[in-house]
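Worth knowing before you read on, the calculation uses all heavy atoms, side chains too, and leaves out hydrogens, waters and symmetry mates. Naming: A, B, ... by sequence-line order, numbering from 1 per chain.
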Amino acid sequence: MPSPAGLNAAQLDAVHYLAGPCLVLAGAGSGKTRVIVHKIARLLDAGYAPGQIAAITFTNKAAQEMRERAKQLVGPRAAKHLVVSTFHSLGMRILRQDGARLGLKPQFSIFDSDDVLGLLKEAGASTDNALARRWQWRISGWKNQGLNSDQAEAVAANDDERVAVRVMKRYEEQLAAYQAVDFDDLIGLPHQLLQQDDEVRAKWQDTLRYLLVDEVQDTNAVQYELLKSLVDHPDERRRGLFTAVGDDDQSIYGWRGATIENLKRLPQEYPSLKVIALEQNYRSTGHILRAANGVIANNPKLFEKKLWSDLGDGEPVRVVECDGEEHEAERAVARIQALRGAGGSSIDFNDFAILYRANHQARMLEKALRKANLPYKVSGGQSFFDRAEIRDLCAWLRLLVNHDDDPAFLRAVSTPKRGIGTQTLASLGEFAGRWKTSLYEALFAESLVTAVPARAIGSLHEFGRYVNDLEYRACHTTGAEDAKALLTGWLKDIGYEQHLMDGEDSEKLAAARWGNVLDFVDWIAKRCGGEIENDGGMTVETEKKSVLDVAQTISVIISLAERGDDQNVVTLSTLHAAKGLEWSHVTLVGVNEGLLPFRSDDEDMTAERLQEERRLMYVGITRARSTLQVSTLRRRKKGRDTIQGVPSRFIAEMKLHEVTVKEDPREKLKALRAAAAERAAQAATVAIKT
DNA sequence: CATACATGAATTTTT
DNA sequence: TTCATGTATG
């Protein structure tokens, strides 16, 4: 019985319960974003100011979507002041404002994982990428448990870990010296700050009075603690004003520190916790949902919850047995062609997704799609901001924001090459190390002449002066037009276009890179504001920002890469990257023992691991709206030999009554016809990749 | 001894 | 696709 707002009974309960802590168990496709957005509206009605309501998500994309939907419901005016942000950007906000209490200047840099890798190699005096990755992984794991290097030392279990602890100690020193933080610190440091500083905690508790947390099942230990320190108000009446939304059955990030313990702790630590389950699924048909329920029923339950749908039975789930990966890819493509052919090509490419466990499985699928001339995109490919040219420019911007950001300095100073070689930089680095200053600071030291030859000093000073001047201008340039002029002037000054031409042997590739650079410039200029946003009739004037302001937020914003939602193409995605998305027609490939559930040779499969794999299967199944095809391999490659493929146990768990489809000649014929029609159509759009 | 090319192998990902 | 390792050649 839908309410005027179109919410069902459970959803209404969730929206209207404001009195205390609330946990919403939102099954797949049960309309949880709707609930969050309506709850925001309800909170506004109840007298909360927009700025007192914070909605926390994991990804920028989710935050953006939530803000957008909130805007539609409560209007742009209120939506503008809502705090809708990721854990990390909230952490950044807290640190920028109050990080000084931890000895952090407001302009601190944020190191991304490549910077961190470089730093760790330095800290551990190693050039081995794989080794440094393992350190990075280990150290991040500790940090996600809330451990610093001293505490990690106590738990280090073997020699490898003890080495990692040593590297971590050195790494902590480096970060402090550079006035930099890594992504984990964006959670850990705010938490530490709120713990140790009552004044700051009181201030933030007063600012953010009601918290809505999306995907709680994905929080790690430190994120949970951060939430607690915001929500545990000393005044009993204001304690625990939050709504946590999540689904224990969709917890698939245990391997990166997310812990389902957090969901168990909630009812214990907040005895008055109101638990509401959203069980009506608005996405999938009966066959699909029953298969999903069948699989997940094999996991132990944390909370009782069973999805149902009134969309009818729909099509049965198809299980397809394939000879090998190539055959499987062909059949996945044939399925798309058959459905499109059957629907008179009225079905968009957008409605199809092929999902797999591991990235490398995309290769064969891409090949088959190209051959069939179907447009596609590979989600989870490297982002716009990972490209070398964009990272070059980001390094410059970071250096402007924080002169002590040494990795940024090193990248900027040699991009493009300006007569400052490794020899000079090594001497400068040694000098800076001796005096415990940043490279940039060292550059202006009088005694530098003792360490670096005069000729090199000239180039260094020139660079330093330029950076200084550029910073000054960036700080005083606001508005899109002026920002663009400044940025293009800068690119010209440093001769970046020429640099790209020199560095690339294919002129076409260089031009493509330059195109990215120009996109990037436009993107920054746009964010410098003065922009009129159009919101369904309403126009909102956003504040103008300086180029430096925008530069400050860059490493936390990666939304440009997500463009392409509007392209009408087939999606290829890992199961992990598919979470939260949905398509009418989904094919799950490689549903074999060893692949899904994944089993590695050197680690044995614990019950927890298997359960997470099962949840992954569950996530995959529940992505589908109307049809689902699951394919298995009769033979699959392992190392250099081919082994017999064993269908995944999850297929049996779906409890399907249908017989496995071996090969359907009619489908093949339909596919052939569709393919012929398709051939006349446009060429394949290839994924955004270099 | 160093560089260049070929061959083979590959969890999952965000900030 | 990318990345690392190994072999062969200069």
Qualifying residues under side chain to side chain contact (heavy atoms under 4.5 Å, CB included), relative to [X], sequence neighbours excluded:
X: A:Asp160; answer: A:Asn158
X: A:Asn144; answer: A:Ser140, A:Asp184, A:Asn220
X: A:Val116; answer: A:Phe111, A:Leu120, A:Gln136, A:Tyr171, A:Asp182
X: A:Leu410; answer: A:Leu425, A:Leu439

Contacts of type side-chain hydrogen bond (donor to acceptor under 3.5 Å, both in side chains), residue A:Tyr224, not counting sequence neighbours: A:Glu269
What nucleotide among [options] has an atom nearest to a side-chain atom of [X]?
X: A:Arg363; options: B:dT15, B:dA10, B:dT11; value: B:dA10
X: A:Asn129; options: B:dT13, B:dT15, C:dA4; value: C:dA4
X: A:Thr59; options: B:dT15, B:dT13, B:dA10; value: B:dT15
X: A:Asn359; options: B:dT13, B:dT15, B:dT11; value: B:dT13
X: A:Ala577; options: B:dT11, B:dT15, B:dT13; value: B:dT13

Can you measure [X] atom [atom1] to [N] atom [atom2] for me and round it to whole angstrom units?
X: A:Tyr376; N: C:dT1; atom1: OH; atom2: P; answer: 10 Å
X: A:Arg370; N: C:dT1; atom1: CZ; atom2: C1'; answer: 10 Å
X: A:Leu355; N: B:dT13; atom1: CG; atom2: P; answer: 12 Å
X: A:Tyr356; N: B:dT11; atom1: OH; atom2: P; answer: 15 Å
X: A:Glu366; N: B:dA10; atom1: CD; atom2: P; answer: 20 Å
X: A:Asp112; N: B:dT13; atom1: CG; atom2: P; answer: 18 Å
X: A:Arg133; N: B:dT13; atom1: CZ; atom2: P; answer: 14 Å
X: A:Asn220; N: B:dT13; atom1: CG; atom2: C1'; answer: 13 Å

Spell out yes or no: do the side chain of A:Arg609 and the base of B:dT11 have one donor N/O and one acceptor N/O closer than 3.5 Å? yes
Near DNA chain B, which residues from residues 244-257 of chain A have a heavy atom under 4.0 Å away? A:Tyr253, A:Trp255, A:Arg256
So what does A:Phe58 hit on the nucleic acid, given a heavy-atom distance under 4.0 Å: a base, only sugar-phosphate, or nothing? sugar-phosphate
Just checking, A:Arg96 and A:Phe108: is the charged tip under 6.0 Å from the six-membered ring centre and within 45° of the axis? yes
Less than 6.0 angstrom from the centroid, inside 45 degrees of the normal: does A:Arg138 satisfy that with respect to the ring of A:Trp142? yes
So, OP1 or OP2 of B:dT13: does either fall under 4.0 Å of a side-chain N or O from A:Thr574? yes
